[in-house]
Every structure is written in C-alpha cells, then in structure tokens.
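Note that these values count all heavy atoms, side chains included, but never hydrogens, waters or copies made by symmetry. Everything quoted here is computed from the prediction, not taken from an experiment.
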Amino acid sequence: MPVKKKRKSSGAAAADDTSLKKCKLGRSQASGKLIGGEEHFSSKKCLAWFYEYAGPDEVVGPEGMEKFCEDIGVEPENIIMLVLAWKLEAESMGFFTKEEWLKGMTSLQCDCTEKLQSKFDFLRSQLNDISSFKNIYRYAFDFAREKDQRSLDIDTAKSMLALLLGRTWPLFSVFYQYLEQSKYRVMNKDQWYNVLEFSRTVHADLSNYDEDGAWPVLLDEFVEWQKVRQAS
C-alpha cells in the first residue's frame with residue numbers, strides 16, 4: 001500500500017505563504033527603487049544643477065565653469081578632456097548652454113556632482129583606449145574650431161594638441177616649438193588627423209620616417225627642421 005504523504009499543517013502552510021509574499025514584495029520593492037528611486041536620472045534635477053552655475057543669460061560662463069570645476073574636483077584645463085570623452089557638442093570651449101548641458105549630462109545619466117564624479121574612471125578609460133581616443137581626437141577638431149571656419153587657428157591647435165598629446169607623445173614639445181616658429185597660421189583637418197598618425201607610428205628619433213610617404217607638407221617640413229637641429 002502506498003504511503004500517504006503528510007499534509008502540511010495549517011501553520012506551516014501559512015508560514016510558506018508569508019515567506020512567498022515577502023519574497024514577491026521584496027522583488028517588487030527592489031524593482032521600484034531601481035526605476036523610481038534616487039538612481040534614476042532626473043531632467044528636472046539636472047536643470048536645477050545647471051542653474052547653480054549658469055548666469056542670467058542661461059549660459060555657464062568662465063566664472064560658472066570655474067566653480068563647476070572646483071565642485072567636481074577637476075582642473076579647468078582638464079574639463080575639456082572630459083567633455084571630449086563624452087562628445088558634448090559645445091559651441092565654444094568652456095561655455096555651455098542649457099541645451100548643451102542637458103544633452104551631455106543625459107548621455108551620461110548624471111544629474112548631480114556625485115554621479116558625474118562616478119563617471120570619471122569611465123571617461124578616462126575612453127581616453128586611454130586607442131580606438132576610442134582616435135575618435136575623440138578627430139572630434140576635437142570640430143569641437144575646437146570656429147563654426148564658420150574650416151580650419152583651426154594655430155594657437156587653438158597648439159592648445160588642443162597639448163591637452164591631447166602633450167603627456168603621451170615624446171616629440172610633442174619639439175613639435176610645439178616647430179609650430180611656434182613656423183609660417184603656419186591655421187591647421188586643416190587633414191593635417192590634424194595626420195599629426196596623430198605621425199605621433200603613433202614615427203619613432204622619436206625619426207629613423208623610420210618615410211620621406212616618400214603621403215604625409216602633409218607640414219610634417220615633412222617638421223622632420224626637415226628637426227633633423228637640422230639634431231645635426232647642429
């Protein structure tokens with residue numbers, strides 16, 4: 001004769017029901033916190049954050065940007081690197097309209113100082129990744145140029161190159177000196193792109209530079225200038 005299974009007592013069944021309800025309730029509450037809690041991005045909160053730094057013209061000017069950099073713990077000259085990393089399309093370096101701020105912060109899902117600070121490691125990793133950095137470097141040309149110009153003025157180009165390549169390219173200081181004494185007053189997009197390629201492929205002693213390569217004249221002349229200096 002088959003053995004009959006014991007039925008749970010009403011007390012045990014009630015305990016199981018209670019546990020199940022608690023489990024379901026816990027999942028529901030956790031889900032609700034994730035969707036509607038403090039971690040959720042708020043456009044309203046983001047705009048309130050923007051107005052902490054914006055002036056009456058609804059633009060974050062130099063003073064507002066200085067305070068912003070101080071609050072997030074980033075040097076003013078380095079904020080441009082972070083801006084480039086998330087490709088915020090600001091119309092001029094260091095100035096942000098409400099629309100530009102909201103676009104950039106929405107892409108990062110940041111509506112307060114603490115959330116932006118938590119993204120710094122990610123943004124820096126973008127700068128350290130070869131492929132991502134190439135995209136950022138190319139984007140920097142359009143970011144920095146005047147919107148009615150097709151080229152970068154040479155002073156802006158030098159400043160941006162210092163930010164982007166100054167710490168990683170052994171020849172940067174020499175190239176900077178060359179630009180300062182050169183006849184060039186602007187740098188076009190082809191020259192800009194090729195400076196990065198040059199910095200990545202040509203040795204610091206220029207021993208592997210191909211004079212017959214398809215380098216822009218600007219770089220040919222730089223190599224010639226540097227070799228004369230080395231020989232003297």
> Under the salt bridge (Lys or Arg N to Asp or Glu O under 4.0 Å) test, which residues partner Asp71, sequence neighbours left out?
Replying inline: Lys67
> Is the Phe198 ring parallel, tilted or perpendicular to the Trp169 ring (thresholds 30°, 60°)?
Replying inline: perpendicular
Without placing hydrogens or testing angles, list every side-chain donor-acceptor pair under 3.5 Å for residues 210-223, not counting sequence neighbours.
residue, atom, partner, partner atom, Å
Asp210, OD1, Asp212, N, 2.9
Asp220, OD1, Tyr209, OH, 2.3
Glu221, OE1, Tyr184, OH, 2.9

> Can you tell me how far the OG atom of Ser151 sits from the CD atom of Glu146, to the nearest 0.5 Å?
Replying inline: 12.0 Å
> With sequence neighbours left out, which residue pairs that include part of residues 184-197 fulfil the salt bridge (charged side-chain N to carboxylate O under 4.0 Å, His left out) condition?
Replying inline: Asp142-Lys189
> Do you know the tightest heavy-atom contact between Val195 and Tyr137?
Replying inline: CB-OH, 3.6 Å
>> List the residues meeting side chain to side chain contact (heavy atoms under 4.5 Å, CB included) with Glu66, not counting sequence neighbours, and say none if there are none.
In response: none
> How are the rings of Trp49 and Tyr53 set to each other: parallel, tilted or perpendicular (split at 30° and 60°)?
Replying inline: perpendicular
> How far apart are the closest heavy atoms of Met65 and Val60, and which atoms are they?
Replying inline: N-CG1, 3.5 Å
> With sequence neighbours excluded, what pairs up with Ser232 under the side chain to side chain donor-acceptor pair (under 3.5 Å) test?
Replying inline: none
> Going from CG on Asp153 to NZ on Lys158, what distance comes out if it is rounded to the nearest 0.5 angstrom?
Replying inline: 9.5 Å
> SG of Cys110 to NZ of Lys45: how many Å apart, nearest 0.5 Å?
Replying inline: 10.5 Å
> Counting N and O atoms only, with roles assigned by atom type, does the side chain of Tyr176 sit under 3.5 Å from a partner on the main chain of Gly166, one being a donor and the other an acceptor?
Replying inline: no
> Nearest 0.5 Å, what's the OG-CG distance between Ser173 and Leu165?
Replying inline: 12.0 Å
>> Holding to side chain to side chain contact (heavy atoms under 4.5 Å, CB included), I want the full list of residues that pass it with Arg200, two or more places apart in sequence or in another chain.
In response: Ile130, Phe133, Lys134, Leu196
> Who passes side chain to side chain contact (heavy atoms under 4.5 Å, CB included) against Thr106, sequence neighbours left out?
Replying inline: Phe41, Leu102, Gln109
>> If you take the centroid of each ring, where Trp contributes its six-membered ring, are Phe68 and Trp101 closer together than 6.0 Å?
In response: yes
> With sequence neighbours left out, what residues match Glu70 under side chain to side chain contact (heavy atoms under 4.5 Å, CB included)?
Replying inline: none
> Is there a side-chain contact (heavy atoms from CB on, under 4.5 Å) between Arg138 and Trp192 once you walk through the steps?
Replying inline: CA-CA 8 Å; Arg138 292 191 166 200; Trp192 178 264; 5.6 Å; no
> Do Ser125 and Asn128 have a side chain donor and acceptor closer than 3.5 Å?
Replying inline: no
> CD of Glu180: more than 12 outside heavy atoms within 6.0 angstrom?
Replying inline: yes
>> Run the salt bridge (Lys or Arg N to Asp or Glu O under 4.0 Å) test against Lys98 and tell me which residues pass, sequence neighbours left out.
In response: Glu58
> Val186 and Phe141: same hydrophobic cluster, using ILVMFWY side-chain contacts below 4.5 Å?
Replying inline: no
> Roughly how far, to the nearest 0.5 Å, is CZ of Arg167 from CG of Leu127?
Replying inline: 10.5 Å
> Do Asp205 and Ser207 have side-chain N/O donor and acceptor atoms under 3.5 Å apart?
Replying inline: yes
> side chain to side chain donor-acceptor pair (under 3.5 Å) with Gln226: which residues, sequence neighbours excluded?
Replying inline: Arg229
> What pairs with Gln117 under side chain to side chain donor-acceptor pair (under 3.5 Å), at least two apart in sequence or on another chain?
Replying inline: none
>> Going by the rule ring pair (Phe, Tyr, Trp, His ring centres under 6.0 Å), which residues pair with Phe120 if we only count those two or more places apart in sequence or in a different chain?
In response: none
